[in-house]
Amino acid sequence: MEGKFHMFMDTVDERFHSFVNQINEYLTENGCKCDIKLQKSGYVVSYVLNSSKRTLAIFVSRKTGMKLRIYPGHLQEYQSFLDTLPEKVKKEIKKASVCKRLVNPGDCNSKCVMGYAFAMDGEQYQKCRYMAFQPTLSEENNPYIMQFLEKELQAGNLL
């Protein structure tokens, strides 16, 4: 596993090595199992909560840069945090696909895990779980990404 992680790190922008290592250490120290797979688009590094077998976060490579897709299971407990996100992150969230299962359950595959209904800046959203929360790593976004993970683990009583 350690070797795969080093190969993954070779694909990460050097500016974000420290942050990616920080996320990895934080999540593994707080009850997540790290799983690394090589796919066509690059490495996919996922963090699964040992307590529930639920995926918490996945590093994904995109042409626009490295992203961390977050799957918050307790968002309702801290959704006001979304109001504090940088405008670029809010714009990405707003652009994300609507969750068809939330809007009309018959329009989506019945095996698809339902997305998120939440409020941000006073507006209601219903977003696909696979698109809603995947901020791009950047100097501006990284502190908020870390706070997002901390709030999720705290809300799930995993800290």
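Source: prediction; values computed, not measured. Residue numbers run from 1 in the order of the sequence given.
Nearest heavy atoms, V45 versus Y47: CG1-OH, 3.7 Å. For the residue pair T55 and S46, the shortest heavy atom distance occurs at CG2-CB, 4.5 Å. Shown here for A96 and K127, the closest heavy-atom pair between the two residues is O-NZ, 2.7 Å. The shortest heavy-atom contact between P72 and R54 is C-NH1, 4.1 Å. Here the closest non-hydrogen pair linking H74 and G156 is CE1-CA, 3.4 Å.
Residues M131 and F148 do not share a hydrophobic cluster, clusters being chains of Ile/Leu/Val/Met/Phe/Trp/Tyr side chains in contact below 4.5 Å. Note on L82 and V98: separate hydrophobic clusters, where clusters join Ile, Leu, Val, Met, Phe, Trp and Tyr whose side-chain heavy atoms are under 4.5 Å apart, directly or indirectly. Tracing side-chain contacts under 4.5 Å through hydrophobic residues (I, L, V, M, F, W, Y), one never reaches M114 starting from I93; they form parts of separate clusters. No path of Ile, Leu, Val, Met, Phe, Trp and Tyr side chains, each step under 4.5 Å between heavy atoms, connects V103 with Y116, placing them in separate hydrophobic clusters.
I36 contributes atom CD1, which lies 12.5 Å from atom CD1 of I58 (distance to the nearest 0.5 angstrom). Note that CG of L102 is 11.5 Å distant from CZ of R129, once rounded to the nearest 0.5 Å. Atom CG of N104 is separated from atom SG of C99 by 10.5 Å, given to the nearest 0.5 angstrom. One distance of note links OH of Y130 with CZ of R69; it measures 9.0 Å at 0.5 Å rounding. Between L149 atom CG and Q154 atom CD the span is 11.0 Å, to the nearest 0.5 Å. Taken to the nearest 0.5 Å, the NZ atom of K33 stands 14.5 Å off from the CG atom of L56.
Using a 4.0 Å cut-off between a side-chain N of Lys or Arg and a carboxylate O of Asp or Glu, E87 and K90 qualify as a salt bridge.
Residues passing the side-chain contact (heavy atoms from CB on, under 4.5 Å) test with M7, sequence neighbours excluded: K4, Y43. In this structure C108 satisfies the side-chain contact (heavy atoms from CB on, under 4.5 Å) test together with K100, R101, C112, sequence neighbours excluded.
At distances below 3.5 Å, at least one donor-acceptor pair connects side-chain atoms of Q76 with backbone N or O atoms of A117. Remark: the backbone N or O of V20 is not paired with any side-chain donor or acceptor of N24 at under 3.5 angstrom.
Proximity of D13 to L137: side-chain heavy atoms (C-beta onward) are nowhere separated by under 4.5 Å. By the 4.5 Å heavy-atom criterion applied to side chains, P135 and Y144 are not counted as neighbours.
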Evaluate the side chain to side chain contact (heavy atoms under 4.5 Å, CB included) criterion for residues F19 and I145: first the C-alpha distance (whole Å), next the side-chain angles of each, then the deciding distance (0.1 Å), finally the verdict.
-> CA-CA 10 Å; F19 181 68; I145 293 170; 3.9 Å; yes

For Q79 and M120, what are the C-alpha separation, side-chain angles and deciding distance, and is it a side chain to side chain contact (heavy atoms under 4.5 Å, CB included)?
-> CA-CA 7 Å; Q79 72 176 339; M120 182 172 66; over 6 Å; no

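Each of M66, R62, E92 was compared with T136 under the side-chain contact (heavy atoms from CB on, under 4.5 Å) criterion, and only E92 meets it. Exactly one residue among L27, I23, V48 makes a side-chain contact (heavy atoms from CB on, under 4.5 Å) with C32. That residue is L27. Each of F118, F81, Y71 was checked for a ring-ring contact (aromatic ring centres under 6.0 Å, His included) with F133, and the lone residue meeting it is F118.
Around the NZ atom of K88, the shell of radius 6.0 Å holds no more than 12 heavy atoms that belong to other residues, nucleotides or ligands.
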